[in-house]
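Numbered from 1 within each chain, the chains take letters A, B, ... in sequence-line order.
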Amino acid sequence: KQEVTQIPAALSVPEGENLVLNCSFTDSAIYNLQWFRQDPGKGLTSLLLIQSSQREQTSGRLNASLDKSSGRSTLYIAASQPGDSATYLCAPKGVGGGTSYGKLTFGQGTILTVHP
Amino acid sequence: GAGVSQSPRYKVAKRGQDVALRCDPISGHVSLFWYQQALGQGPEFLTYFQNEAQLDKSGLPSDRFFAERPEGSVSTLKIQRTQQEDSAVYLCAVSGANTGELFFGEGSRLTVL
């Protein structure tokens, strides 16, 4: 059974800092891995998707890396802003069924607070 | 995200009542998932549909939980005889056909008193 751990559980930083959020997973047989953000009382917003054959993906100030063999992914946030405050969740997707199927297994998330 | 509408957004039920939560993908999606998110936790898989076929219901916590998608579009998650431990946010998600990326709705927050 896939288990996902996110470190740190919570992080509070001043605006402008560069951040690293860590995700580790126990089963390296994954199809892809997604990073999400969740604002209080809201659903999940997809940030980045890394296919199992890729090493990293970038979107704006966000960069996610994937080391499948060691079961690790990292989300890097550059020049953090107060609007980045949210819970960040990583979720590897199991193999089986290819594109359509495959359950996501979530970590508990990292609660990020960026203060002005 | 990606046109997934969920209703109701908030539901308060008395213990023992039955509830029905609706997921309406705005554009056609083959794959549909339900997840349950308890307070302070990450979402946990409940069930998966491919069109109208429920291919995996291994995450449903008990036989009080039932999901359907009769015409391969709108899906309903039904919880019978609700218990306090059913209090959670229920999230619906659809999968992008080419990449397998999941897009979630806003969720339905269920509170059982």
Checklist entry - Side chains of A:Gln38 and B:Gln37: is there a donor and an acceptor less than 3.5 Å apart? => result yes

Item to check | Proximal component of A:Gln6, with respect to chain B [non-hydrogen, under 4.5 Å] | outcome: neither

Checklist entry - Step by step, would you call A:Ser46 with A:Gln34 a side-chain hydrogen bond (donor to acceptor under 3.5 Å, both in side chains)? => result CA-CA 7 Å; A:Ser46 180; A:Gln34 265 184 274; 2.9 Å; yes

Checklist entry - Would B:Thr82 and B:Gln17 count as having a side-chain donor-acceptor pair, cut-off 3.5 Å? => result no

Checklist entry - Taking the six-membered ring where the residue is Trp, are the ring centres of B:Phe104 and B:Tyr35 under 6.0 Å apart? => result yes

Checklist entry - Is there a donor in the side chain of A:Ser73 and an acceptor in the side chain of A:Trp35, or the other way round, less than 3.5 Å apart? => result yes

Checklist entry - If contact means a heavy atom pair closer than 4.5 Å, which residues of residues 106-116 of chain A contact chain B? => result A:Phe106, A:Gly107, A:Gln108

Checklist entry - Parallel, tilted or perpendicular: which describes the rings of B:Tyr90 and B:Phe65, with under 30° parallel and over 60° perpendicular? => result tilted

Checklist entry - Mind checking which of residues 47-59 of chain A sit less than 4.5 Å from chain B, heavy atom to heavy atom? => result A:Leu49, A:Gln51

Checklist entry - Taking 4.0 angstrom as the limit, do B:Asp18 and B:Arg64 come out as a salt bridge? => result no

Checklist entry - Looking just at side-chain N and O atoms, do B:Ser75 and B:Glu68 make a donor-acceptor pair shorter than 3.5 Å? => result no

Item to check | Between B:Pro43, B:Gly40, B:Gly42, B:Gly107, the one whose heavy-atom pairs under 4.5 Å with chain A are most numerous | outcome: B:Pro43

Next on the checklist: Show the nearest heavy-atom pair for residues A:Lys103 and B:Ser58, with the distance to one decimal.
Outcome noted: NZ-OG, 3.0 Å

Item to check | Pair B:Tyr48, B:Gln50: side-chain N/O donor-acceptor within cut-off below 3.5 Å | outcome: yes

